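Presented below is the structure to which this report refers.
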There are 2 protein chains.
Amino acid sequence: MKIENHIKSNKTLSLHKKMLINVLYTGNWLNDCISEVLKDFDISAQQFNVLRILKGRNGNPANLSDIQERMIAKNSNTTRLVDKLINKELVSKKKCPSNKRKVEILITASGLTFLDQVNEVVENREANITKHLNEEEIEQLNALLNKLRN
Amino acid sequence: MKIENHIKSNKTLSLHKKMLINVLYTGNWLNDCISEVLKDFDISAQQFNVLRILKGRNGNPANLSDIQERMIAKNSNTTRLVDKLINKELVSKKKCPSNKRKVEILITASGLTFLDQVNEVVENREANITKHLNEEEIEQLNALLNKLRN
DNA sequence: ATCATACATTTGTACCTACAATTATTGAAA
DNA sequence: TTTCAATAATTGTAGGTACAAATGTATGAT
């Protein structure tokens, strides 16, 4: 469906405007798709994102700033996201011994198990989304988005 | 810049995954670009969106559900967004006389003046963003995003 | 050694989002 | 006509985002 139908616009939008709205709208839409799956696991997209980042460290502890740098939404308040995950015992945090300004954050064993369970369902959903485009189109879309951001 | 550098991923991501992350990331990025401009006017992207929708009605009052349908972020809590705009006297609201369940929302004269001022700056910023792609690429990007959502 | 500065994180506040529950109103069926 | 379901908006609560200010720690210059 065209973007102007989604937002029920009555005036004719310029191609440029349509494209920008489309990028915003599709980003929201994709976020909603993933959030819907995550809802069953009582976890938000950003919390899931933190868990994935920590798993990617393969046992090396991460600072808050390491996590922040890797977040998809750069303005997340990582302190509070991590706190929520600590409450769920999915991650652990302690002061960095060599530099007490920093913290060392790790995914726990139960965090890893949980993440693997969630990941399976998320990846199914993602596969269902990407199947609408072939490899060449995915590559094009990737390239165009990169170019848009400069 | 490639998306894997933005999120500083160390493992090699599949093309599919990169594309999905890219859609989310670029949506956030674009939102941040526009929000940065709006900040000078003390208005959020969603409040700006509501004002644009109301202007598009050309003097016809809008219900809350009319606005909601036209929002880029479909889950905005429109009641509260409108309340904020009423406090700033940029929009007005009254009970719909023919159906007291509904409300009639209008942009005020000062809302229109304000919107026009903001719009000029926003459109400059938008033009600066879209200039990285030519017409054909913009058309492609539009088509690919539409196809991704089915 | 002291001090100013930079760094890493936390906290505060306002706004926004997600979603469920509630209130008020309407319209149609029993 | 009463009642019940549907509709439109509002409210409540928890979580997330944006941004500034505060806290605690490290480090280089003097």
Side-chain angles (χ1 to χ4, degrees), chain A residues 24-25 27-51 61-88 90-91 93-105, chain B residues 24-25 27-51 61-88 90-91 93-105:
Chain A
L24 289 170
Y25 183 87
N28 280 324
W29 168 85
L30 181 54
N31 195 55
D32 292 348
C33 288
I34 305 299
S35 297
E36 196 190 332
V37 170
L38 294 177
K39 216 184 120 182
D40 291 342
F41 298 92
D42 270 308
I43 194 170
S44 73
Q46 291 315 309
Q47 287 179 28
F48 178 62
N49 202 192
V50 171
L51 288 181
N63 301 326
L64 269 181
S65 50
D66 295 328
I67 299 175
Q68 189 105 44
E69 277 180 338
R70 287 167 176 76
M71 295 291 281
I72 295 173
K74 291 295 179 200
N75 287 308
S76 304
N77 191 325
T78 316
T79 297
R80 289 193 272 238
L81 284 175
V82 167
D83 282 349
K84 301 252 163 66
L85 293 169
I86 290 173
N87 284 338
K88 297 178 190 176
L90 300 174
V91 314
K93 181 171 78 169
K94 64 181 180 75
K95 280 243 153 120
C96 176
S98 64
N99 185 338
K100 278 181 256 173
R101 282 177 301 186
K102 297 190 183 183
V103 291
E104 291 189 337
I105 299 162
Chain B
L24 289 170
Y25 184 86
N28 280 325
W29 169 84
L30 181 54
N31 195 56
D32 291 349
C33 289
I34 305 299
S35 297
E36 197 190 331
V37 170
L38 294 176
K39 215 185 120 181
D40 291 342
F41 297 92
D42 270 308
I43 193 170
S44 73
Q46 292 314 309
Q47 287 178 27
F48 178 61
N49 202 191
V50 170
L51 287 180
N63 302 325
L64 268 180
S65 50
D66 294 329
I67 299 176
Q68 189 106 43
E69 277 180 337
R70 287 168 175 74
M71 295 292 280
I72 295 173
K74 291 297 180 201
N75 289 307
S76 304
N77 190 323
T78 316
T79 298
R80 290 192 269 237
L81 284 175
V82 167
D83 282 349
K84 301 255 162 62
L85 293 169
I86 290 173
N87 283 339
K88 297 179 190 177
L90 299 175
V91 315
K93 180 171 80 169
K94 63 182 180 74
K95 280 242 153 120
C96 177
S98 65
N99 185 338
K100 278 180 258 173
R101 282 177 301 188
K102 296 190 183 184
V103 291
E104 291 187 338
I105 299 161

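So you know, we letter chains A, B, ... as the sequences are listed, proteins then strands, and number each from 1. The structure displayed is predicted, hence computed values, not measured ones.
Separation of atoms CD1 (I72(B)) and CG (N49(B)) is listed at 4.5 Å; rounding is to 0.5 Å. Between atom CD1 of residue I43(B) and atom CG of residue L38(B) there is a gap of 6.5 Å, rounded to the nearest 0.5 Å. In this structure, CD1 in I34(B) is found 8.5 Å from CH2 in W29(B), a value given to the nearest 0.5 Å. Between the CG atom of L85(A) and the CG atom of L51(A) there is a distance of 5.0 Å, given to the nearest 0.5 Å. With rounding to the nearest 0.5 angstrom, the CG atom of N77(A) is 7.5 Å from the CD atom of Q68(A).
Note on residues 61-71 of chain B: pairs passing salt bridge (Lys or Arg N to Asp or Glu O under 4.0 Å), not counting sequence neighbours, are R57(B)-D66(B).
Interface limits on DNA chain D: the 5'-most and 3'-most nucleotides within less than 4.0 Å of chain A heavy atoms are dG15(D) to dA26(D).
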In 5'-to-3' order, the base (B), backbone-only (S) or no-contact (-) status of each nucleotide in nucleotides 13-20 of chain C, using a 4.0 angstrom heavy-atom cut-off, is B-SSSBBS
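Going from atom CG of L64(B) over to atom P of dT23(C) covers 19 Å, rounded to whole Å. Rounded to an integer number of Å, the gap from R101(B) CZ to dT25(C) P is 10 Å. To the nearest angstrom, P of dT10(C) lies 11 Å from CD of Q68(A). In this structure, N99(A) places its CG atom 11 Å from C1' of dT9(C), rounding to the nearest Å.
Scored by the ring-ring contact (aromatic ring centres under 6.0 Å, His included) test, F48(A) finds no partners at all (sequence neighbours excluded).
At its two ends the helix from dA1(C)-dT30(D) to dA30(C)-dT1(D) runs along axes set 10° apart, each axis drawn from five pairs and the angle rounded to 10°.
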Side-chain donor-acceptor contacts of residues 93-103 of chain B below 3.5 Å, not counting sequence neighbours, with atom names and distances?
from, atom 1, to, atom 2, distance (Å)
K94(B), NZ, E104(B), OE1, 3.1
N99(B), OD1, R101(B), N, 3.1
N99(B), OD1, R101(B), NE, 3.3

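Within the 4.5 Å cutoff, side-chain heavy atoms of I67(B) are placed close to those of I105(B).
In this structure, G27(A) and L24(B) approach most closely via the heavy-atom pair O-CD2, 3.6 Å.
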Please walk me through it: do L64(B) and V82(B) pass side-chain contact (heavy atoms from CB on, under 4.5 Å)?
CA-CA 9 Å; L64(B) 268 180; V82(B) 167; 4.0 Å; yes
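Within 4.0 Å (heavy atoms only), S65(B) reaches sugar-phosphate atoms of the nucleic acid but no base atom.
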